[in-house]
Visitor: 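Following this message is one structure expressed as structure tokens.
In each ligand, atom 1 is the first atom listed, and ligand 1 is the first ligand listed. What you are looking at is a predicted structure, and each value in this text was computed from that prediction instead of being measured. Below, each value reflects all heavy atoms present in this structure, side chains not excepted, and no hydrogens, waters or symmetry copies.
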Amino acid sequence: MQPFFVTTPIYYVNDKPHIGHAYSTIAVDVLARYAKLRGRPTFMLTGLDEHGLKIERRASEEGLSPKEFCDRMVPPFRDAWRELECANDDFIRTTESRHEKLAVALWKKVEAAGDIYLGDYEDWYCVGCESFKTEKELLPGNLCPDHKKPVERIKEECYFFRLSAYGDKLLAYFEAHPTFVQPEGRFNEVKAFIREGLRDLAISRTSFRWGIPVDGNPHHVMYVWFDALQNYLSALGGPAAPGTAPLFDRFWMDGGDRVHIVGKDILRFHAIFWPAFLMSAGLPLPTRIEAHGWLTVNGEKMSKSLGNFLPPGPLVDAFGADVLRYYLMREIGFGQDGDFSHANLIARYNGELANGLGNLLNRIVASLVKTSFGGKVPVFARDALRDEDRLLLSVADKASKDAAAHLEDIAPHRALDAIFELVAATNKYVDATAPWALAKSGDTARLGQVCYSVLESLRWLSIMLWPFMPSKCDGLRGQIGLSTLLPVEGLDLWPSVFGALSSGLTTNPSAPLFPRIDKDQEQALMERFGLRKPEPATAPKPAKAEKPPKEAPTDASSADAGDTIGIDDVMKVKLRLALVLEAERVPKSDKLLKLKVDVGEAEPRQILAGIGLHYAPESLVDKRIVVVANLAPRKMMGHESQGMVLAASDAAGLSVLFVDKDVAPGSPVK
Ligand code: MSP
């Protein structure tokens with residue numbers, strides 16, 4: 001069986017993981033789980049991109065060294081992927097020595113090929129993208145088209161990669177590999193970009209230090225993208241001499257699929273720079289680069305300044321990892337932009353999972369199999385098939401083949417469409433065969449056939465849906481008497497024979513897998529995400545028997561209820577009224593403002609506040625604000641901060657607490 005290597009982009013550590021990152025990682029996990037089910041030797045890789053100016057500045061804003069800052073950002077990512085049941089086989093950090101060593105090795109290969117030279121560079125640079133921009137690409141006011149922020153003029157000595165020599169080679173390669181980049185429209189954009197002419201690429205920097213030093217000239221550090229792209233090899237232990245790095249040989253050198261899943265914004269780096277570096281180093285190219293679209297949240301672009309930056313954790317807490325995985329893969333056509341909407345998630349959950357799949361299980365296992373067959377899987381009589389049965393079998397066969405084809409073609413949303421054809425057909429089969437009537441009339445043979453067919457269909461579904469919802473599928477399997485799925489290399493577990501479920505197995509009907517979210521629960525969930533106002537208090541509602549997926553929704557106030565402190569603790573925090581005397585931006589930071597404030601002391605204090613995305617500095621002068629006056633001083637981006645400004649934030653933004661009367665500076669706030 002052909003090896004399958006599949007990767008996520010490595011995420012910048014300047015932010016905690018959000019739902020957009022989760023989308024990529026879940027998609028890759030789904031593909032990896034599918035390949036594992038088919039018995040293919042599979043390796044799923046994710047990790048972190050830790051070098052570059054963006055990270056260096058972010059660390060400095062936090063008053064930490066870059067390495068300390070990166071170390072702190074590792075757990076949020078690792079934990080998020082674990083919570084989301086993403087079973088990556090490795091997690092690479094670009095600050096690990098295994099990566100740094102191999103990045104240097106690849107640089108040397110490219111250098112030996114004559115593709116690196118020293119020169120001077122002057123151009124615009126967007127720190128957000130960690131990428132140079134041509135004049136043509138910029139928006140009026142020299143703004144980056146993606147980040148809508150001013151770019152910086154950079155002039156320095158750089159090493160260059162001879163990218164201009166690779167335009168024709170890349171186009172020829174694309175010609176010979178027509179599905180190398182998908183979707184096709186994006187592939188065409190890449191080709192058009194190359195046809196306009198490629199410029200050589202600056203691949204080192206001298207104006208900051210947070211990068212891998214260039215061997216032989218440590219005055220230079222590698223350009224972050226040159227370093228980052230190589231994670232795909234270094235995690236496998238390459239480039240390396242044959243036989244010295246078995247993973248590298250198996251998953252990169254010896255054939256099989258090498259698939260990079262990336263967001264559309266970073267396609268150019270993967271479809272142009274990366275193949276060119278590899279061609280230069282004489283290494284095989286990836287076999288497929290698949291660009292997915294961007295997620296908006298409830299119709300808006302996700303951004304920190306809009307305050308709708310959605311981390312996956314609270315969604316997992318509210319709905320469970322599997323439901324979130326399912327929703328993201330089902331709702332958004334892979335390759336298209338799509339919207340994450342809490343309301344849609346609940347609608348799909350109720351319609352497709354609770355009513356569609358969950359009900360099927362409850363109707364048959366919890367009632368009919370239990371009452372009519374003592375909870376045992378009845379017998380399947382292949383020689384007594386009727387038309388309804390044959391129809392179900394043919395739908396199952398088609399669903400399995402179509403879903404497999406769509407997953408091979410990296411279209412998980414289409415695979416789910418195909419799989420849900422079987423869910424719908426099985427529900428129709430139950431309606432058409434009316435098993436309750438059969439039970440009533442005592443036609444046990446036919447009833448057994450019907451129950452068996454539904455159970456077998458559920459078994460097929462538990463395999464086909466496993467890449468998307470591993471825990472729920474294992475739960476489903478447990479209820480129909482099967483063990484959890486454990487993929488084994490070399491063994492294809494994808495369903496192909498209808499009737500393979502053993503008769504006589506003991507089913508275990510237990511709590512509904514997908515209990516419906518009723519109106520009250522939906523209201524509570526929407527409130528919890530700040531999407532609907534709490535309803536005016538009414539008489540308490542009777543308790544509901546069913547619980548929502550993971551835990552009962554609670555509103556924010558009740559979630560905090562157990563978390564109280566005594567008045568002594570409150571009094572430890574010295575809140576003081578402060579009059580803003582001066583305010584200015586901290587150079588090279590979008591977020592930080594430096595305030596000089598009067599807190600009734602002999603000298604004014606300097607306080608740094610991360611409110612620069614929400615306030616112009618001049619708008620704060622002469623305002624009365626509230627500060628924490630006894631916070632230990634700390635350094636942020638090289639400036640000392642002697643206190644903390646209080647502000648409230650919600651989904652709509654951030655608001656500093658202003659005092660509306662002329663209270664004297666230094667007055668206590670209680
Ligand atoms: N570090 C680089 C990738 C280097 S790979 C050798 C990087 N990191 S990133 O953290 O900024 O973005 C990582 C991925 O997250 C990208 O594929 C990007 O498209 C994706 N997303 C970021 N925001 C997103 C959405 N709102 N929606 C979907 N994906 C998004 O780029």
Visitor: Among protein heavy atoms, which sits nearest to atom 15 (O) of ligand 1, and what does the distance come to when rounded to 0.1 Å?
Guide: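 Ranked first by proximity to atom 15 (O) of ligand 1 is His21 CD2, 3.5 Å.
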Visitor: Can you tell me the protein heavy atom closest to atom 11 (O) of ligand 1 and the distance?
Guide: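 Going by distance alone, atom 11 (O) of ligand 1 is nearest to Tyr12 CD1, 3.3 Å.
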Visitor: Under 4.0 Å between a Lys/Arg side-chain N and an Asp/Glu carboxylate O for Glu50 and Arg93?
Guide: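 Salt bridge between Glu50 and Arg93, a charged N being under 4.0 Å from a carboxylate O: yes.
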Visitor: Quick test: of every protein heavy atom, which one is nearest to atom 27 (N) of ligand 1, and how far off is it to 0.1 Å?
Guide: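 For this ligand atom, the closest protein heavy atom is Leu295 N, 2.9 Å.
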Visitor: For Thr134 and Glu137, which I'm curious about, is there any donor-acceptor pair between the side chains at under 3.5 Å?
Guide: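 Yes, a side-chain donor-acceptor pair sits under 3.5 Å.
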Visitor: Looking only at distance, does Gly263 have an N or O less than 3.5 Å from an N or O of ligand 1?
Guide: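 Yes: some nitrogen or oxygen of Gly263 is under 3.5 Å from one in ligand 1.
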Visitor: Do the side chains of Glu56 and Arg205 get close enough for a salt bridge, i.e. N-O under 4.0 angstrom?
Guide: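 No, Glu56 and Arg205 are not salt-bridged.
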Visitor: Any cation-pi pair here, Lys191 with Phe187, using under 6.0 Å and within 45°?
Guide: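 Flagged: Lys191 positioned over aromatic ring of Phe187.
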Visitor: Go through ligand 1 atom by atom and flag the ones less than 4.0 Å from a non-hydrogen atom of Trp225.
Guide: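 Those qualifying, in numeric order: 2 (C), 3 (C), 4 (C), 5 (S), 6 (C).
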Visitor: With heavy-atom distances below 4.0 Å as the criterion, list the atoms of ligand 1 near His292.
Guide: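 Every atom of ligand 1 under 4.0 Å from some heavy atom of His292: 28 (C), 29 (N).
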Visitor: Give the atom numbers and elements of ligand 1 that come within less than 4.0 Å of a heavy atom of Ile266.
Guide: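 Going through ligand 1 atom by atom, the ones under 4.0 Å from Ile266 are 3 (C), 16 (C), 17 (O), 31 (O).
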Visitor: Taking the six-membered ring for Trp, are Phe132 and Tyr121 parallel (under 30°), tilted (30 to 60°) or perpendicular (over 60°)?
Guide: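 It falls in the perpendicular class, over 60°.
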Visitor: Yes or no on side-chain hydrogen bond (donor to acceptor under 3.5 Å, both in side chains) for His260 and Thr7, after CA distance, side-chain angles and deciding distance?
Guide: CA-CA 5 Å; His260 300 314; Thr7 66; 2.8 Å; yes
Visitor: For atom 22 (C) of ligand 1, grab the closest protein heavy atom and report residue, atom and distance to one decimal in Å.
Guide: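 Among all protein heavy atoms, the one nearest atom 22 (C) of ligand 1 is His18 CE1, 3.7 Å.
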Visitor: Which residue owns the protein heavy atom closest to atom 18 (C) of ligand 1, what's the atom, and how far is it?
Guide: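 That would be Asp265 OD1, 3.5 Å.
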Visitor: Looking only at protein heavy atoms, identify the closest one to atom 21 (N) of ligand 1 and say how far it is in Å.
Guide: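 Its nearest protein heavy-atom neighbour is Trp294 CZ2, 4.2 Å.
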Visitor: Can a non-hydrogen atom of Gly293 be found less than 4.0 Å from any atom of ligand 1?
Guide: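 The answer is yes, since Gly293 has a heavy atom less than 4.0 Å from ligand 1.
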Visitor: Take Tyr159 and Tyr223 through the ring pair (Phe, Tyr, Trp, His ring centres under 6.0 Å) test and state the conclusion after the steps.
Guide: CA-CA 9 Å; Tyr159 282 100; Tyr223 168 46; over 10 Å; no
Visitor: Identify, for atom 3 (C) of ligand 1, the protein heavy atom at the shortest distance, and state residue, atom and that distance.
Guide: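 Answer for atom 3 (C) of ligand 1: Ile10 O, 3.2 Å.
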Visitor: Mind checking whether Tyr23 has a heavy atom under 4.0 Å from ligand 1?
Guide: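 The answer is no: ligand 1 sits nowhere under 4.0 Å from a heavy atom of Tyr23.
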Visitor: Answer yes or no: is there an ion pair linking Lys109 with Asp115, defined by an N-O contact shorter than 4.0 Å?
Guide: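 The answer is no: the pair does not qualify as a salt bridge.
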Visitor: Report yes or no: do Asn298 and His342 form a side-chain donor-acceptor pair below 3.5 Å?
Guide: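 Result is yes, a qualifying pair exists.
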Visitor: For His270, is the nearest heavy atom under 4.0 Å from an atom of ligand 1?
Guide: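 Judged by the 4.0 Å heavy-atom criterion, His270 does count as contacting ligand 1.
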Visitor: If the cut-off is 4.0 Å to any non-hydrogen atom of Asp49, which atoms of ligand 1 fall inside it?
Guide: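 With Asp49 as reference, the close atoms of ligand 1 come out as 1 (N), 2 (C), 4 (C).
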Visitor: Looking only at protein heavy atoms, which one is nearest to atom 6 (C) of ligand 1, and how far off is it?
Guide: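 Sorting protein heavy atoms by distance from atom 6 (C) of ligand 1 puts Tyr232 OH, 3.5 Å first.
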Visitor: Where do Tyr326 and Phe468 land on the ring pair (Phe, Tyr, Trp, His ring centres under 6.0 Å) test, with the steps shown first?
Guide: CA-CA 6 Å; Tyr326 169 79; Phe468 300 90; 7.6 Å; no
